[in-house]
Amino acid sequence: MESPLTCLKGVGPALAQKLEKLGLFHVEDLLFLLPLRYEDRTQLVKIGALVAGSRCLVTGEVLLSETVYRGRRNLLVRISDGSGQLTLRFFHFSRQQQAQFHVGTSVTCFGEVRRGSAGFEMIHPEYRILRENQDASTNESLTPIYPATEGVQQGRLRNLTDQALGFMQENPPVELLPASVTNKLGMPSLAEAIRYLHRPPPDANVKQMLQGRHPCQQRLAFEELLAHYLSLRRLRALAETEEAPALTNGDSEVGRFISDLPFELTGAQKRVIDEILSDLAEPHPMMRLIQGDVGSGKTVVAAIACLKAIACGVQAAIMAPTEILAEQHWRNFSEWFRPLGIEPAWLSGSQRAAARRESLQSIADGRAKLVVGTHALFQEGVEFESLGLVIIDEQHRFGVHQRMALRDKGVSARGHPHQLVMTATPIPRTLAMAAYADLDTSVIDELPPGRQPVSTIAVPDTRRGEIVERVRSACASGQQAYWVCPLIEESEVLDYQAAEASYQVLTESLPDLRVGLVHGRMRPAEKERGMRAFKEGLIQLLVATTVIEVGVDVPNASLMIIENAERMGLSQLHQLRGRVGRGAAQSHCVLLYKPPLGRIAKERLAVLRDTNDGFIVAQRDLELRGPGELLGTRQTGLPDYRIANLVRDADLMPQVQITAEAMRTASDKNAAAIVRRWLGDTRKYGKV
Ligand code: ADP
Ligand code: MG
């Protein structure tokens, strides 16, 4: 049944090797190499009807062609079809190309529509010059685009999948879903779905296909989600058979710690602590996720878990995704634990060699009971004496693989360490179900008393003057404020320049205030100085890039201005806003935006104005994402899917869960086959 790729025409050993790198070993694998997306070249779109972000086929007559210098040479070609104008922009072009576009020439092009400085434009579109009286030709059906693969072109992939589809006629792939499920959901057969997705027929519902909601797409998405879910559940079952130190002592230490805290724990914190302590008392590794909105007090819960572990004679490690966040934990933990005679060790990538050696030594010989750090904690060369508990803060930035690596790293004579992951990005239940099926979940759904919701308004930046006045009067009355500068995607340098520029302007317009600046390019010590000065009240207005997202905790800060809020994600804005509203005073957040706002942007800002609940923000964030900005792996730590999209297909999850549990209870051997089909290398996820 499993035929090697070399039995296909045109596939020799060299190509087979390249394909292997893509995880393709057998002809059947090619069937599951599904198009990433489709291009619609079935119809011409009127230029006047173009929408930013879409990829379209247009045709028009050249009105103007010129080269301009914008840092580098640009070729700009303005075309029109009578309904509107569009600019084609080229950064790389030959003299000959340039000469093709004389005024009056007809051209047809395909590309992504973007908002440019003078209306819509396409950057480096695919194009064709039309001869006199030649019509722009359209395709009959949607064009499948396969995942970009180094050294194997789209044309080649189309040819290979063609052959695989032919091969499928004699050897249809095995149906692995229980018939009861496919019948119930009214799904097409596997072979039918595969054929449809690789070669959508001319009458395919284009809109449905482009949105990924066609029944054939859903059929495969269902199976893929099922594969991931099964594999995570399998991992979980594996953990239940593993040993971990049962942490049963230390009740009095924990009790004393809690009664010495300067505040009373909330009911939610107490409940979650109970859940954790009862997990830790088991002789199997805890695998628990804590979700809690910003400011819900996750850190103290983590500290109590650490204390429990230490009191039972094992080491605890807490890992954060950034240096700033790790530093903050280190400070908090030092304050809490020093009086108990526990000195936390520090480990980070930027540490000097000597300090690092000293940390490593104390971790290895067990003098360090508690270690705080970044990813550096789990790199080569870090050996724990007896690691009993691992805490990962801000889970969404770590993936399943990292979680696995961590688990294996911590194995000692006493077994696997217990694992606690904490996230401040609440994710909706259906998503959590899919992404964290190997974890139990606790939710801290209550804020400490006395917190007032942050009142939020959105204001166009044409009214910036008023806002600056507002900062002045807030600071004059003894409060402190943050001014957060635009996030410039992928560029720390630009980020920093933008912050620097705002800092200059604000210092000039607010000569009476003590203004400070903190950005991601500063050395940690400098950053620390700036933040400390703010914390101590020496600075009244702190201008910062989004580094403060996970940064300082300053209860006296009650006003936050966020510039270019329309460019930031909802969850990020919510996190930022969580820096204020930590004290007794009513706090305010001003979202400055550059008008005009699109419909989606408007709705997003309205969400923040209307709610302070992180779960609602997260849910709306998902709903309001455009098709182009669905969750990527980098952002979320969620696995990469071939066809499923957790956000779009969340509604399939309840049935996926029911199906998976039924298959597992029946110890269905198809479960293993499904995981193998979709995840291939099962070692990454635990053997199936
Ligand atoms: P997050 O969940 O965002 O990590 P933190 O753990 O940083 O929140 O807690 C935010 C602030 O609230 C800290 O200053 C912390 O000391 C304080 N805090 C935590 N729990 C309580 C409580 N039960 N009552 C009052 N303040 C609390
Ligand atoms: Mg926190």
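Remember, it's 1-based here, ligands and their atoms both numbered in the order they're listed. Worth saying up front: this structure is predicted, and the values here are computed from it rather than measured.
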Undergrad: Are Asn612 and His574 close enough that a side-chain donor and a side-chain acceptor fall under 3.5 Å?
TA: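 Not at all, the side chains of Asn612 and His574 share no donor-acceptor pair under 3.5 Å.
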
Undergrad: With the threshold set at 4.0 Å, does a side-chain nitrogen-carboxylate oxygen contact exist between Asp610 and Arg620?
TA: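 Salt bridge absent between Asp610 and Arg620.
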
Undergrad: Is Arg338 salt-bridged to Glu343, cutoff N-O under 4.0 Å?
TA: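 Looking at Arg338 and Glu343, the cut-off is met.
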
Undergrad: Do me a favour and list the nearest non-hydrogen protein atom to atom 10 (C) of ligand 1 with residue, atom name and distance?
TA: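 Going atom by atom, the protein heavy atom closest to atom 10 (C) of ligand 1 ends up being Arg582 NH1, 3.4 Å.
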
Undergrad: Considering the options Thr545, Val543, Leu542, which one meets the side-chain contact (heavy atoms from CB on, under 4.5 Å) requirement together with Leu517?
TA: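 Of all the options given, the one that passes is Val543.
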
Undergrad: What protein heavy atom sits nearest atom 11 (C) of ligand 1, and how far away is it?
TA: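 The answer is Arg451 NH2, 3.6 Å.
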
Undergrad: What protein heavy atom lies closest to atom 2 (O) of ligand 1? Include the residue and the distance to one decimal.
TA: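 Sorting protein heavy atoms by distance from atom 2 (O) of ligand 1 puts Lys298 NZ, 2.7 Å first.
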
Undergrad: Any non-hydrogen atom of Asp293 lying under 4.0 Å from ligand 1?
TA: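 Contact check Asp293 vs ligand 1: positive.
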
Undergrad: Which ligand 1 atoms are under 4.0 Å away from a heavy-atom of Glu264?
TA: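 Answer, ordered by atom number: 22 (C), 23 (N), 24 (N).
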
Undergrad: Side chains of Gln291 and Thr423: is there a donor and an acceptor less than 3.5 Å apart?
TA: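 Side chains of Gln291 and Thr423: no pair found under 3.5 Å.
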
Undergrad: Pull out every atom of ligand 1 sitting under 4.0 Å from any heavy atom of Leu265, numbered as shown with elements.
TA: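 Answer, ordered by atom number: 23 (N).
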
Undergrad: Is the shortest distance from a Lys or Arg side-chain nitrogen in Glu563 or Arg464 to a carboxylate oxygen in the other one below 4.0 Å?
TA: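 Arg464 and Glu563: salt-bridged.
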
Undergrad: Heavy atom of Gly295 under 4.0 Å from ligand 1?
TA: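 Gly295 counts as a contact of ligand 1 under the 4.0 Å cut-off.
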
Undergrad: Assess whether a salt bridge exists between Arg331 and Glu335, defined as any Lys/Arg side-chain N lying under 4.0 Å from an Asp/Glu carboxylate O.
TA: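 Result for this pair is no, no salt bridge flagged.
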
Undergrad: Which atoms of ligand 1 are found less than 4.0 Å from any heavy atom of Thr299?
TA: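 Within the 4.0 Å cut-off of Thr299, ligand 1 contributes 4 (O), 5 (P), 6 (O), 7 (O).
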
Undergrad: So which protein heavy atom does atom 14 (O) of ligand 1 come closest to, and at what separation?
TA: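 Heavy-atom neighbour on the protein nearest atom 14 (O) of ligand 1: Asp553 OD2, 2.6 Å.
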
Undergrad: Out of curiosity, Asp279 CG to His418 NE2, how far, rounded to the nearest 0.5 Å?
TA: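 Between Asp279 CG and His418 NE2, I get 8.5 Å after rounding to 0.5 Å.
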
Undergrad: I'd like to check whether Gly297 has a polar contact with ligand 1, where a contact means an N/O of the residue lying under 3.5 Å from an N/O of the ligand.
TA: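 Between Gly297 and ligand 1 (N or O atoms, distance only) the closest approach is under 3.5 Å.
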
Undergrad: Only heavy atoms of Thr266, strictly under 4.0 Å: list the atoms of ligand 1 that pass.
TA: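 The list of qualifying atoms is 23 (N).
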
Undergrad: Report the relative orientation of the aromatic rings in Phe257 and Phe337; use parallel for angles under 30°, tilted for 30 to 60°, perpendicular for over 60°.
TA: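 Answer is tilted, since the angle falls between 30° and 60°.
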
Undergrad: Give the atom numbers and elements of ligand 1 that come within less than 4.0 Å of a heavy atom of Gln269.
TA: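 Atoms satisfying the 4.0 Å criterion: 19 (C), 20 (N), 22 (C), 23 (N).
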
Undergrad: How close does the nearest protein non-hydrogen atom get to atom 22 (C) of ligand 1, and which residue and atom is it?
TA: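 Looking only at protein heavy atoms, the one closest to atom 22 (C) of ligand 1 is Phe263 CD1, 3.3 Å.
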
